[in-house]
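Positions are given from 1, in the same order as the sequence printed here.
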Amino acid sequence: MFLQIHTLTAYPASLLNRDDAGLAKRIPFGNATRLRVSSQCLKRHWREDLTRQLPDLPDGLRTRSFFTRTVLPRAVAAGVSEALASALIELLAKAVIDGGVKEGGDLNQPVLFGLREADYFVQMLVDASREADPAKALAERLKSKDEKQNLAAMSKAAAGLTAALFGRMVTSDLLARVDAPVHVAHAFTVHASNTEMDYFTVVDDLNRDDEIGAAHANQSELGAGVYYGYVAVDVPLLVSNLTGCEAKEWRQQDSATPARVLGALVRSIVQQSPGAKKGSTAPYAWADLLLLEAGTAQPRSLANAFLEAVPAKGDVRQQAAERMLAYLGKLDAMYGANSQRQLATTLSLSSPLAAQPVENAVRAALDALWA
């Protein structure tokens with residue numbers, strides 16, 4: 001079962017996502033080059049919003065300093081001496097992460113850890129500290145079959161909300177790899193990219209009357225456009241990640257938390273804006289169109305509706321929405337309609353789908369998933 005999320009969002013002058021040269025990211029598609037926003041950028045902003053929407057759900061931290069800045073101080077607070085905890089941390093880090101551990105316990109690259117995993121590792125240090133030879137006790141425990149079974153039982157559900165949604169890639173016998181159930185496409189403009197360089201200066205407030213000219217001058221690239229966004233959610237895998245059950249058993253689980261998470265995710269997608277230079281461009285916009293599809297067929301994007309770039313004149317939102325729904329109709333004519341759909345939009349469209357408020361559309365889509 002999949003939930004597909006399609007959006008159209010218009011942004012005025014902004015720099016939503018920069019490349020390594022500080023310019024707006026682009027992608028050639030069809031007959032034109034488009035502005036784009038990377039999936040990594042989008043997920044970062046959604047993740048931050050989801051933790052605000054769902055403060056009661058344990059999350060995680062993507063960091064190189066998990067053991068030294070999260071586990072270590074918690075172990076000290078739990079009664080382990082700082083000297084002993086510091087000595088054990090490096091041993092623990094090297095056992096949990098295969099290679100890539102610096103002296104002292106920091107990792108060579110960021111890894112996503114769940115806060116419940118931190119609690120478990122703290123308890124391991126506390127238990128070891130009570131033994132005559134703490135280092136030996138910890139090393140033996142980490143190698144034991146029982147401990148590996150305990151960590152396996154803790155499973156991917158302990159990795160936190162971010163991992164449950166967007167996955168976690170690890171090479172370790174002790175940590176669970178988490179496959180991502182939320183698949184995010186790079187958003188792109190439905191029309192050809194059109195940018196300009198914004199030249200700006202800074203005036204020194206303490207200039208004397210005879211001192212003229214700018215104290216600083218620079219430029220940045222700004223663009224505007226209507227972006228098509230697409231997300232596909234593997235619902236059984238999401239439920240599995242959140243609860244620890246097998247994906248095939250997802251319907252036997254309580255749907256309350258997965259439904260809350262999906263509802264929060266959709267709200268983030270339609271209302272959270274990425275963007276650099278927020279102080280000088282205020283790149284905030286809500287989607288003008290949300291199309292939700294719930295069904296068992298393999299997901300498919302509607303991006304091909306825009307292989308021929310929409311002309312950048314008139315109401316591009318309206319043209320893009322009509323183009324997208326017309327393409328959806330052609331897919332239905334070829335393959336048959338194979339999903340239940342909900343539409344929310346600010347636009348006046350001639351569509352068999354009745355427009356409704358976002359909350360109603362989300363509720364109906366969730367009902368269809370668990371029908």
Side-chain angles (χ1 to χ4, degrees), residues 1-9 27 29-30 34 36-43 46-47 50 162-169 178-188 190 227-242 246-251 255 258-259 261-270 272 287 289-307 320-321 323-345 351-353 358 361-371:
M1 180 65 77
F2 295 94
L3 177 65
Q4 298 182 81
I5 306 162
H6 310 266
T7 57
L8 290 174
T9 310
I27 191 72
F29 183 64
R34 323 300 178 92
R36 71 177 171 94
V37 182
S38 72
S39 58
Q40 292 87 346
C41 176
L42 293 169
K43 287 186 287 187
W46 299 341
R47 171 191 175 188
L50 286 166
T162 296
L165 287 164
F166 304 122
R168 173 173 74 177
M169 176 61 187
V178 184
D179 291 328
V182 180
H183 310 153
V184 183
H186 291 224
F188 66 90
V190 300
Y227 288 77
Y228 169 68
Y230 175 67
V231 177
V233 183
D234 182 334
V235 178
L237 181 56
L238 174 63
V239 175
S240 173
N241 287 354
L242 289 170
E246 294 293 328
K248 63 184 179 182
E249 298 172 352
W250 73 281
R251 287 192 179 277
S255 64
V261 170
L262 279 173
L265 175 64
V266 175
R267 284 189 289 273
S268 290
I269 289 171
V270 295
Q272 285 301 309
L289 182 144
L290 167 66
L291 174 64
L292 299 173
E293 299 185 273
T296 57
Q298 176 181 299
R300 48 62 199 126
S301 167
L302 299 179
N304 287 349
F306 310 113
L307 272 169
R323 178 91 68 85
M324 190 181 81
L325 293 176
Y327 179 65
L328 179 61
K330 292 178 181 178
L331 287 174
D332 286 349
M334 183 174 181
Y335 294 101
N338 48 29
S339 62
Q340 296 191 44
R341 296 164 182 161
Q342 311 297 328
L343 177 67
T345 182
S351 168
L353 296 172
V358 167
V362 171
R363 193 177 305 114
L366 295 176
D367 288 344
L369 291 173
W370 273 276

Do the non-hydrogen side-chain atoms of [X] and [Y] ever get within less than 4.5 Å of each other?
X	Y	result
Leu366	Gln342	no
Arg363	Val358	no
Val235	Phe2	no
Leu8	Thr345	no
Met1	Trp250	yes
Leu291	Leu328	yes

Distance-minimising heavy-atom pair for [X] and [Y]:
X	Y	answer
Ala163	Val178	O-CG1, 3.3 Å
Leu369	Ala294	CD2-CB, 3.7 Å
Pro181	Leu238	CB-N, 3.6 Å
Ala365	Leu292	CB-CD1, 3.8 Å
Ser255	Trp370	CB-NE1, 3.4 Å
Val362	Gly263	CG1-CA, 3.9 Å

### Query
Would Thr7 and Tyr227 satisfy side-chain contact (heavy atoms from CB on, under 4.5 Å), going step by step from the backbone distance to the final call?
CA-CA 8 Å; Thr7 57; Tyr227 288 77; over 6 Å; no
I need the [X] [atom1] to [Y] [atom2] distance, nearest 0.5 Å.
X	Y	atom1	atom2	result
Ser38	His186	OG	NE2	5.5 Å
Ile5	Ile269	CD1	CD1	4.0 Å
Arg34	Phe188	CZ	CZ	6.0 Å
Leu302	Leu325	CG	CG	8.5 Å
Leu42	Arg36	CG	CZ	10.5 Å
Met324	Leu289	CE	CG	4.5 Å

Q. Taking it one step at a time, do Val231 and Gln4 satisfy side-chain contact (heavy atoms from CB on, under 4.5 Å)?
A. CA-CA 6 Å; Val231 177; Gln4 298 182 81; over 6 Å; no
Hey, is the main chain of [Y] close enough, under 3.5 Å, to the side chain of [X] for a donor-acceptor pair?
X	Y	value
Arg323	Ala305	yes
Ser240	Pro236	no
Asn241	Asp179	yes
Asp234	Leu237	yes

Measure up the Phe306 and Tyr228 rings against each other and bin them: parallel (under 30°), tilted (30 to 60°), perpendicular (over 60°).
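Correct class here is tilted.
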- [ ] Among Val270, Val233, Leu3, find the one that has a side chain to side chain contact (heavy atoms under 4.5 Å, CB included) with Leu265.
- [x]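 Exactly one option meets the side chain to side chain contact (heavy atoms under 4.5 Å, CB included) with Leu265, and it is Val233.
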- Task: Please list, chain by chain and in numerical order, all residues satisfying ring-ring contact (aromatic ring centres under 6.0 Å, His included) with Tyr230, sequence neighbours excluded.
- Result: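 By the ring-ring contact (aromatic ring centres under 6.0 Å, His included) rule, Tyr230 matches His6.
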Please collect all side-chain hydrogen bond (donor to acceptor under 3.5 Å, both in side chains) contacts where either partner lies in residues 325-337, sequence neighbours excluded, each pair once.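 The answer is Asp332-Arg341.
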